[in-house]
Number of protein chains: 2
Amino acid sequence: MSDGSAILKSMLDQTAVGRVFHALGDPTRRVIVEQLCRGPKSAKDLAGPLHITLAAVVQHLQRLEESGLIRTTKVGRVRTCQIEPAGLQVAQQWIAKRRSLWERRLDRLGAVLTAERK
Amino acid sequence: MSDGSAILKSMLDQTAVGRVFHALGDPTRRVIVEQLCRGPKSAKDLAGPLHITLAAVVQHLQRLEESGLIRTTKVGRVRTCQIEPAGLQVAQQWIAKRRSLWERRLDRLGAVLTAERK
């Protein structure tokens, strides 16, 4: 595969991780994720301490649900939100893979330097 | 500290991680990060396989540099870009901390269920 088509494939493959990073780019959504890591909460429970309207929280929750970071279930009139650990894992794996690329490169550089010293 | 002020503090503290996540929310910037994990490159080297203009690459590089994910050095007329591993680490640590919050909660739930069975 040429460099160009490998890059194109990589961009298409990464829509899921892109949605996760985009969702986590917003400070309110990061606070919601943090709160839900401590346990399930209703949209109303989340809105109170954030000092924002319920409508604004619901918009953030929709974005978080689309990204796969949370899931919500509605029982009667109450929508309960909980963390979806696979979402955070997608982002963590993306980062870990890039860091390992970089570390392998450092290892190769180290090996070259050691060989040159001999 | 009340729940509200803890949340406010957490939002203010997270500007650095917010810039990293925001920068990684864009597919072109993720490809640039991936390319730079394989080794330093000039803006021109990066622009070619991405099929975008040099001016567009330079804009993405500025955003990546502001977020702390890369650093650039200019020698003569050539600007060389390289990965700044601390940037990826900031994002990785943020995620790892939230996952550990969630795992601790699961452990506590597990302990409660075990105690109830006795």
Side-chain angles (χ1 to χ4, degrees), chain A residues 2-8 10-15 17-40 46 48-51 67 69 82-85 87-106 108-109, chain B residues 2-8 10-15 17-40 46 48-51 67 69 82-85 87-106 108-109:
Chain A
S2 75
D3 208 25
S5 67
I7 286 174
L8 186 67
S10 155
M11 286 173 81
L12 291 172
D13 281 351
Q14 290 175 351
T15 48
V17 78
R19 278 195 293 267
V20 171
F21 283 134
H22 189 262
L24 292 176
D26 179 89
T28 306
R29 288 196 288 265
R30 285 198 303 283
V31 171
I32 293 174
V33 166
E34 175 144 5
Q35 292 292 307
L36 296 180
C37 282
R38 297 172 194 274
L46 291 163
L50 283 166
H51 303 293
S67 76
L69 280 162
Q82 54 189 315
I83 204 77
E84 176 50 67
L88 282 177
Q89 205 178 356
V90 162
Q92 200 170 30
Q93 282 173 345
W94 189 91
I95 296 170
K97 206 169 164 189
R98 274 71 207 172
R99 288 191 76 191
S100 93
L101 276 178
W102 177 77
E103 280 156 12
R104 279 208 299 274
R105 190 182 159 266
L106 279 195
R108 283 196 301 273
L109 278 178
Chain B
S2 74
D3 207 26
S5 68
I7 286 174
L8 186 67
S10 154
M11 286 173 81
L12 291 171
D13 281 352
Q14 290 175 348
T15 49
V17 77
R19 279 195 292 266
V20 171
F21 283 135
H22 189 261
L24 292 177
D26 179 90
T28 306
R29 288 197 289 266
R30 285 197 303 283
V31 171
I32 293 174
V33 166
E34 175 145 3
Q35 293 292 306
L36 296 179
C37 281
R38 298 172 194 275
L46 290 163
L50 282 167
H51 304 293
S67 76
L69 280 162
Q82 53 188 315
I83 203 78
E84 176 49 69
L88 282 178
Q89 205 178 356
V90 161
Q92 201 171 28
Q93 282 174 345
W94 188 91
I95 296 170
K97 206 168 162 188
R98 274 70 206 173
R99 288 192 76 190
S100 93
L101 275 179
W102 177 77
E103 280 157 13
R104 280 208 299 274
R105 189 181 160 266
L106 279 195
R108 284 197 301 275
L109 278 178

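A note on names: the letters A, B, ... follow the listed sequences, proteins ahead of strands, and every chain is numbered from 1. Side-chain atoms are counted along with the backbone in the values below, which use heavy atoms only and exclude waters and symmetry mates.
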Handout entry: Rounded distance (nearest 0.5 Å) linking atom CD of B:Gln82 with atom CH2 of A:Trp102
Key = 10.0 Å
Handout entry: Rounded distance [0.5 Å steps], CD in A:Gln35 versus CZ in B:Arg98
Key = 10.5 Å
Can you say whether [X] sits under 4.5 Å from chain B via the side chain, the backbone, both, or neither, judging by heavy atoms?
X: A:Arg105; value: side chain
X: A:Glu103; value: neither
X: A:Val33; value: side chain
X: A:Ala23; value: neither

Practice task
Show your reasoning for whether side chain to side chain contact (heavy atoms under 4.5 Å, CB included) applies to B:Arg99 and A:Gln89.
Solution key: CA-CA 9 Å; B:Arg99 288 192 76 190; A:Gln89 205 178 356; 3.7 Å; yes
If every non-hydrogen atom of [X] is compared with every non-hydrogen atom of [Y], which pair is closest and at what distance?
X: A:Arg38; Y: B:Leu101; value: NH1-CD2, 3.8 Å
X: A:Leu88; Y: B:Ile95; value: O-CG2, 3.7 Å
X: A:Leu24; Y: B:Phe21; value: O-CD1, 3.5 Å

Exercise for the section: Please determine, among A:Ile83, A:Leu36, A:Val20, the option with the most heavy-atom pairs under 4.5 Å with chain B. Expected result: A:Ile83
